[in-house]
Colleague: 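Sharing a structure below in structure tokens format, with a few things to ask.
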Number of protein chains: 2
Amino acid sequence: MEIFYIDEDKHYVAIDCIIFGFDAGELKLLLLKRKFEPAKGEWSVMGGFLKREESLDEGARRILLQLTGLTDIYMEQLQSFGDVNRDPGERTISIAFWALIKVNDNDIKLAKTHGAQWVSIEKIPQLIFDHNNMVQKGLKTLRNKIVTKPIGFELLPEKFTLPQLQSLYEAINQEQMDKRNFRKRILETGLLDKMEEKEKQSSKKGAYYYMFNKEKYRLFAEMGFHFQMKAKKDSLIKGNCQV
Amino acid sequence: MEIFYIDEDKHYVAIDCIIFGFDAGELKLLLLKRKFEPAKGEWSVMGGFLKREESLDEGARRILLQLTGLTDIYMEQLQSFGDVNRDPGERTISIAFWALIKVNDNDIKLAKTHGAQWVSIEKIPQLIFDHNNMVQKGLKTLRNKIVTKPIGFELLPEKFTLPQLQSLYEAINQEQMDKRNFRKRILETGLLDKMEEKEKQSSKKGAYYYMFNKEKYRLFAEMGFHFQMKAKKDSLIKGNCQV
DNA sequence: CACTCAAGTGTAATTGAAACACTTAAATTT
DNA sequence: AAATTTAAGTGTTTCAATTACACTTGAGTG
């Protein structure tokens, strides 16, 4: 079989996954302590080596499955990282993916056995190698993507309230939005189906649950979609100048 | 050195470059006939294997240099392609880049010695492997990118006219724009410096040359930029529904 | 029964984008 | 030298989308 490219170099190829979750009003990252050398014990994103017989997507799904026990995860390729000395062990090319998971769905125990932990994106520690770069790139990509695809739903439980959805958008963009404008705009897309049931944890009055309409979602995925709002005047959560 | 990952698989890693140019009012792609097996003689984008001692960017620049003789090329990573059987020769992962070059700057002779040829994006032939996929993804990325970064200049000669610039935008987006709105919007960005000289090839009256202002360009690259216009009513160049 | 807390709701003002047609400059033709 | 041709150049009005903004409602708590 190896008849064509015999003189060319071969490389280790890793897959690294930036895993986002949303919990308690915060956008979070699933991080873990690396269990092998080099850099054993330091914080990193979840990764593994690409195997001979699997595609990039398959590799990423395998790694996500290992960590979370979940098979049906929203996932996209982010970018490849290939500086010669990025991995001090050996020259390794990393193909990074980003993924969105519903924190409640997640089998936390499984993640725990890997030493994994949810960390707020506002408190990301020093990570190994170029993983902080990957995370920043992932965040940027997520922020861009959510404008043109309603992927917020991938981070929420099946039933959710409008205040929850708004707080998710605010957590992702690190800026507050006007409640009336947000509700108007998101409802007029038709993406949300109102339930009769109310969520009563976070207020006395209770907020109606919604589910997102999978038909409309598919439609928008094909036809295109645009959902963006300026932040409330004088209310950037941080000194955060997004572009 | 090879002490850490000895049990892991290694892979051939290729770099493939989608090279865009603009000439005669058309957006073009630099394609070439493959000079080695497998698929020798078929159309492909320019590529090569990643070497042990070079980063991804360095690899891409080496390949662009080989083909065009140019060192200072606008270039971005596109995406990695890693289906197990994408290359019928052997399992090879390709990391694709896209690049913009000024056709006139290009040492055409050098490209010719590689059997390279500019092909309009409206007439892209069947390419080897998954290269047609790469090209489509590259086009999509270029179309998205030009909204938020004024990279059109990378495709034009140093001095260019407003009609030329508009025709570039129209070629990229495959739709016609209103002349008055286009000029107004692009001029009010301040990105363009008007020259005293006129271009006289394409009209009797002649059109003023402009150069783009590098200071402002840098500023916009940092601060963010947005330039998008709807197509002229009833004037899509093709039945092209862009999203 | 008063109070508290977050959920829920509509309109006016402003801004930004799109639509639209004639004049000008210079070369070419008669 | 006058008439014709060709593409360049130029402002204003209209319309649509987004933003700003404040009070009422419902239900649990003390």
Side-chain angles (χ1 to χ4, degrees), chain A residues 24-25 147-148 156 159-171 173 175-190 192-211 224-236 242, chain B residues 24-25 146-148 156 159-171 173 175-190 192-211 224-237 242:
Chain A
V147 172
T148 56
L156 291 170
K159 292 187 297 185
F160 53 86
T161 66
L162 287 184
Q164 281 168 9
L165 183 60
Q166 181 174 350
S167 112
L168 168 61
Y169 273 84
E170 291 177 340
N173 292 316
E175 58 186 31
Q176 284 174 259
M177 294 166 163
D178 181 273
K179 185 167 47 162
R180 281 165 293 187
N181 292 338
F182 179 84
R183 297 170 73 98
K184 198 194 321 168
R185 292 275 306 278
I186 199 77
L187 285 175
E188 77 192 7
T189 63
L192 301 188
D193 294 336
K194 190 175 185 176
M195 309 283 101
E196 300 201 346
E197 197 186 350
K198 278 187 167 185
E199 186 273 341
K200 312 272 267 181
Q201 308 295 91
S202 53
S203 85
K204 290 158 186 167
K205 185 175 177 180
Y208 284 104
Y209 276 119
Y210 287 80
M211 291 178 65
F225 178 75
H226 190 89
F227 187 82
Q228 195 167 30
M229 297 176 65
K230 267 193 194 158
K232 252 162 103 174
K233 212 175 176 182
D234 305 324
S235 73
L236 292 181
Q242 202 195 325
Chain B
I146 203 165
V147 172
T148 57
L156 291 170
K159 293 188 294 185
F160 53 86
T161 67
L162 288 184
Q164 280 168 10
L165 183 60
Q166 180 174 352
S167 113
L168 168 60
Y169 273 84
E170 292 177 338
N173 292 315
E175 59 187 29
Q176 283 174 258
M177 293 165 162
D178 181 273
K179 185 169 45 162
R180 281 166 292 186
N181 292 338
F182 179 84
R183 298 170 72 99
K184 196 193 323 166
R185 292 274 305 278
I186 199 78
L187 286 174
E188 76 192 7
T189 63
L192 300 188
D193 294 334
K194 189 174 183 175
M195 309 282 101
E196 300 203 344
E197 196 186 351
K198 278 186 167 187
E199 187 273 342
K200 313 273 266 182
Q201 308 295 92
S202 52
S203 85
K204 290 159 186 169
K205 185 176 177 181
Y208 284 103
Y209 277 118
Y210 287 79
M211 290 178 66
F225 177 75
H226 190 90
F227 188 81
Q228 195 167 30
M229 297 176 65
K230 266 194 197 160
K232 251 160 103 174
K233 210 174 176 183
D234 305 325
S235 73
L236 292 180
I237 290 177
Q242 202 194 326

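Since the model is a prediction, treat every value here as computed from it, not as a measurement. Naming convention: chains lettered A, B, ... in sequence-line order (proteins, then strands); numbering from 1 in each chain.
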Colleague: Round to a whole Å and report the spacing from CD of A:Q176 to P of D:dT19.
Modeller: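 Result: 16 Å.
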
Colleague: Roughly how many Å is it from NZ in B:K184 to C1' in D:dT12, rounded to a whole number?
Modeller: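 The answer, rounded to whole Å, is 8 Å.
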
Colleague: Taking B:E199 for its side chain and B:F160 for its backbone only, find out whether a donor-acceptor pair lies under 3.5 Å.
Modeller: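 Not confirmed, B:E199 side chain does not pair with B:F160 backbone.
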
Colleague: Grab the CG-P distance between B:L162 and D:dA7 for me, whole Å please.
Modeller: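 In whole Å, D:dA7 P lies 17 Å from B:L162 CG.
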
Colleague: Taking atom CG of A:L162 and atom OG of A:S167, what is their separation to the nearest 0.5 Å?
Modeller: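 Going from CG on A:L162 over to OG on A:S167, the span is 11.5 Å.
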
Colleague: Main chain of B:M177, side chain of B:Q166: is a donor-acceptor contact present, judged purely on distance under 3.5 Å?
Modeller: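 Judged by distance alone, yes, a pair lies under 3.5 Å.
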
Colleague: Take the protein atom CG of B:D178 and the nucleotide atom C1' of D:dT12, then report the distance between them rounded to whole Å.
Modeller: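 Whole-Å distance recorded here is 13 Å.
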
Colleague: What residues from residues 195-209 of chain A pass a heavy-atom cutoff of under 4.0 Å to DNA chain C?
Modeller: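 Listed by number, they are A:S202, A:S203, A:K204, A:K205, A:G206, A:A207, A:Y208.
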
Colleague: Give a yes or no on whether the backbone of A:E175 and the side-chain of A:N173 come within a donor-acceptor separation of less than 3.5 Å.
Modeller: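 Not at all, since once roles are kept as given, no pair shorter than 3.5 Å links the two residues.
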
Colleague: Quickly work out the B:Q166 CD to D:dA8 P distance and round it to whole Å.
Modeller: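 In whole Å, D:dA8 P and B:Q166 CD are 9 Å from each other.
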
Colleague: Is there a donor-acceptor contact under 3.5 Å from the side chain of B:Q228 to the main chain of B:K230?
Modeller: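 Side chain of B:Q228 to backbone of B:K230: no pair is present.
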
Colleague: Using only atom types and a distance under 3.5 Å, with no angle test, would you say the side chain of A:K200 pairs donor to acceptor with the backbone of A:A207?
Modeller: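 Side chain of A:K200 to backbone of A:A207: no pair is present.
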
Colleague: Which is more 5' along DNA chain C, the nucleotide nearest A:L187 or the one nearest B:N181? Just name the residue.
Modeller: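 This one resolves to A:L187.
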
Colleague: Donor-acceptor check, side chain of A:Q201 to backbone of A:S203, threshold 3.5 angstrom: yes or no?
Modeller: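 No; judged by distance alone, with no hydrogens or angles, the pair does not exist.
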
Colleague: Which nucleotide of DNA chain C is the first, and which the last, in the 5' to 3' direction, to come under 4.0 Å of a heavy atom belonging to chain A?
Modeller: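 Listed 5' to 3', the contact boundaries are C:dT4 to C:dT11.
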
Colleague: I want to check one thing: is the phosphate of D:dA20, taken as OP1 and OP2, less than 4.0 Å away from some side-chain N or O of A:R180?
Modeller: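 Answer is no, no contact under 4.0 Å.
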
Colleague: Drop me the distance from B:M211's CE to B:M195's CE, to the nearest 0.5 angstrom.
Modeller: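 One finds 5.5 Å between CE of B:M211 and CE of B:M195.
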
Colleague: Atom CD of B:Q228 to atom P of D:dA17: distance rounded to whole Å?
Modeller: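 Rounded to whole Å, this separation is 15 Å.
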
Colleague: Could you pick out which residue, A:M229 or B:K179, lies toward the 5' side of DNA chain D when each is mapped onto its nearest nucleotide?
Modeller: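 Of the two residues, B:K179 wins.
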
Colleague: Roughly how far apart are B:K198 NZ and B:T161 OG1, rounded to 0.5 Å?
Modeller: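 Result: 11.5 Å between the selected atoms.
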
Colleague: To the nearest angstrom, how far is B:K230 atom NZ from D:dC15 atom P?
Modeller: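 Value for this atom pair: 14 Å.
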
Colleague: Grab the CD-P distance between B:E188 and D:dT12 for me, whole Å please.
Modeller: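 Result: 15 Å.
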
